[in-house]
Amino acid sequence: VGAVGGAGVRGTAGAVGGAGAGTALALAEPSSRSLKPHDPVDDLLLLDPVELEVGFGLIPLVDERQGGDLLSRVGVLRKAAAQDIGVLVPPIRIRDDIQLAPGEYVIRLRGSEIARGEVMMKNRLAIDTGSVLEPVDGIEVVDPSFGLPARWIRPDAKVDAEARGWTVVEPGAVVATHLMETLKEHAADLLGRQDVQAMVDRLKQSHPALVDEVVPARVPLGVLHRVLQRLLRERVPIRDLVTILESLADHADVTKDPEILTEHVRRNLAKAISGRFLDERGSVRGITVGPRLEAALMGLFSPRATALEPLQPERLSSAIRRLDRLTRDQGAAGPVPLITPPSLRVGIRKLLEPVLPHIPVISLAELPPHAGFEPLGTWELTDAT
């Protein structure tokens, strides 16, 4: 699936070297388009959904003739992402850019930069996943994929670092993992309306009655698209399209509001939502909302409610900072969800999204009956104003 060619040379997947680019590479499915004469206007009018630009020092990661395995790594992770979130990541164009530092790379979504990073080709990245016993010598950095403490170490220090509890990965793995985690984070933006239509068409082959009843008879394609995007923005997999459509069918006669419909869908996807937070005992460990803060937020979100303790901007900011500290203290082993009353979930999610987007917000109605719950702390107002 990889194509390597010089600037301006069209590869088997349709890669073209543009201005400022030397070698052009592509990760894509073979296409009949590559057999057609190349029209330079296509480069101006068509944007690749996903691009990975690399500095010239990273070309050995991509060039299979130099032993590079980035293309195969991305291919494997691309399939894993489809199984994880239910969205097929589109073909990824990889090209080098002489304007970047040798070890730098940039991830672009429809031409706009969404992430960048830098790797040290001659070193290995040792990541502290929470089980480190002793420190190791190296250049301190932050793992670009998950924000964990990390260090670039010499290759000959790998065995010693692993013995001390560090997870050691190669530069190619760092780039590939960062790429796919970034695309998962932006999965809602990757999912287009045409993609949703293709998903519906595939489902119709096995569930024709369900599709004929729901889309577009009771739920327009645009509404389904917005519901799926809302789910993806909160890392909820959309593989179970049958359950999603059945849930929409149950409530589409009452409302066409994508926000309300999404909340109904989430309750039917409780197992998938809570599954990523289950511990070895089958319990969800999370942070709860204290009664004082619950009453104050109810007054903030509902125009009819009267809050006993009005939330002034300064006090609200202080509460959000307190939640940030609380989740950091409890989240060494992974993200800790905030468990909220069902009526407050949407409002709290909107409140936190601009400042703490990575905190999962789950309502009590989304916890499956068989799962236990272990509170790790309480997000509450303090007496200080």
Side-chain angles (χ1 to χ4, degrees), residues 28-29 49-50 75-92 109-110 180-278 284 337 342 345-346 349 360-363 365-371:
E29 307 302 334
V50 182
V76 171
L77 291 175
R78 187 168 169 246
K79 293 178 181 178
Q83 294 177 342
D84 184 20
I85 62 176
V87 174
L88 180 62
V89 174
I92 300 167
L109 178 61
R110 295 190 179 92
M180 297 316 300
E181 287 300 316
T182 300
L183 294 182
K184 282 197 230 179
E185 185 178 345
H186 291 80
D189 301 317
L190 285 171
L191 185 70
R193 199 156 294 190
Q194 190 62 44
D195 301 318
V196 177
Q197 182 64 64
M199 294 169 61
V200 172
D201 291 341
R202 285 195 298 270
L203 184 65
K204 190 172 184 178
Q205 298 176 12
S206 58
H207 295 75
L210 175 62
V211 172
D212 289 341
E213 178 190 358
V214 181
V215 182
R218 299 169 68 186
V219 178
L221 185 68
V223 173
L224 175 60
H225 180 212
R226 290 193 289 273
V227 168
L228 296 179
Q229 284 184 315
R230 285 179 176 275
L231 293 172
L232 289 172
R233 284 197 180 96
E234 297 192 55
R235 294 289 188 108
V236 178
I238 61 172
R239 290 185 63 192
D240 191 359
L241 194 57
V242 171
T243 297
I244 293 172
L245 290 187
E246 288 177 345
S247 179
L248 292 176
D250 291 339
H251 301 92
D253 294 336
V254 178
T255 180
K256 294 294 191 294
D257 187 334
E259 183 177 276
I260 298 175
L261 289 174
T262 302
E263 294 306 296
H264 289 301
V265 170
R266 287 178 61 98
R267 295 179 187 181
N268 287 338
L269 295 176
K271 290 183 180 179
I273 291 175
S274 62
R276 56 188 287 221
F277 306 112
L278 292 177
V284 176
R345 199 206 76 83
V346 172
R349 173 63 187 174
V361 181
I362 301 177
S363 85
E366 295 164 1
L367 297 180
H370 68 276

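One is the number of the first residue; the rest follow in order along the sequence.
With sequence neighbours excluded, the residues forming a side-chain contact (heavy atoms from CB on, under 4.5 Å) with P337 are F277, V284, I339, P360, I362, listed by chain and number. Applying the side-chain contact (heavy atoms from CB on, under 4.5 Å) criterion to K79, with sequence neighbours excluded, gives no partner residue. Residues passing the salt bridge (charged side-chain N to carboxylate O under 4.0 Å, His left out) test with R239: none are found, sequence neighbours excluded. When the side chain to side chain donor-acceptor pair (under 3.5 Å) test is applied to E246, no partner is found at least two apart in sequence or on another chain. For the side chain to side chain donor-acceptor pair (under 3.5 Å) test, no residue two or more places apart in sequence or in another chain qualifies with T255. R267 is linked by a side chain to side chain donor-acceptor pair (under 3.5 Å) to nothing, counting only residues two or more places apart in sequence or in another chain. With sequence neighbours excluded, the residues forming a side-chain contact (heavy atoms from CB on, under 4.5 Å) with R193 are L221, H225, R226, listed by chain and number. With sequence neighbours excluded, no residue forms a side chain to side chain donor-acceptor pair (under 3.5 Å) with S274. When the side-chain contact (heavy atoms from CB on, under 4.5 Å) test is applied to A80, no partner is found at least two apart in sequence or on another chain.
To the nearest 0.5 Å, the span separating CZ on R266 from CZ on R345 amounts to 3.5 Å. Expressed to the nearest 0.5 Å, how far CG of L224 lies from CE of M199 amounts to 7.5 Å. With rounding to the nearest 0.5 Å, the separation of CG in N268 from CG in L245 is 11.5 Å.
Taking all atoms of both residues into account, the shortest heavy-atom contact from R276 to R235 is NH1-CB, 3.5 Å. Minimum heavy-atom separation, S363 to P342: CB-CA, 3.7 Å. Minimum heavy-atom separation, V89 to R78: O-NE, 2.6 Å. Taking both residues in full, the closest heavy atoms of V219 and A252 are given as CG2-CB, 3.6 Å, listed atom of the first, atom of the second, then distance. Between E213 and A249, the closest heavy-atom pair is OE2-CB, 4.2 Å. In terms of heavy-atom proximity, V361 sits nearest to E234 at O-OE1, 3.9 Å.
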Name the atoms and distances for all side-chain donor-acceptor pairs under 3.5 Å in residues 183-190, with sequence neighbours left out.
from: K184; atom 1: NZ; to: D84; atom 2: OD2; distance (Å): 3.1
from: K184; atom 1: NZ; to: E181; atom 2: OE2; distance (Å): 3.3
from: H186; atom 1: ND1; to: T182; atom 2: O; distance (Å): 2.9

Give every donor-acceptor pair under 3.5 Å between a side-chain atom in residues 200-208 and any protein atom, sequence neighbours left out.
from: D201; atom 1: OD1; to: Q197; atom 2: NE2; distance (Å): 2.9
from: K204; atom 1: NZ; to: D212; atom 2: OD1; distance (Å): 3.3
from: S206; atom 1: OG; to: L203; atom 2: O; distance (Å): 3.2

- Task: Kindly determine whether V223 and L248 satisfy side chain to side chain contact (heavy atoms under 4.5 Å, CB included), including the steps that lead there.
- Result: CA-CA 10 Å; V223 173; L248 292 176; 5.9 Å; no

Would I238 and I244 satisfy side chain to side chain contact (heavy atoms under 4.5 Å, CB included), going step by step from the backbone distance to the final call?
-> CA-CA 8 Å; I238 61 172; I244 293 172; 4.1 Å; yes

Query raised in the report: Please walk me through it: do L228 and L241 pass side chain to side chain contact (heavy atoms under 4.5 Å, CB included)?
Result: CA-CA 9 Å; L228 296 179; L241 194 57; 4.3 Å; yes

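For the ring pair (Phe, Tyr, Trp, His ring centres under 6.0 Å) condition, the pairs that include at least one residue of residues 249-269, sequence neighbours left out, are H251-H264.
Under a 4.0 Å N-O distance rule, the pair R349/E263 does not qualify as a salt bridge.
Between I260 and V254, the closest side-chain pair of non-hydrogen atoms is not below 4.5 Å. For the pair H370/K271, a side-chain contact is recorded, criterion being any heavy-atom separation below 4.5 Å from C-beta on.
The closest donor-acceptor contact from the side chain of S247 to the backbone of T243 lies at 3.5 Å or more, if one exists at all.
Residue-environment remark: NZ (K256) exceeds the threshold of 12 foreign heavy atoms within 6.0 Å.
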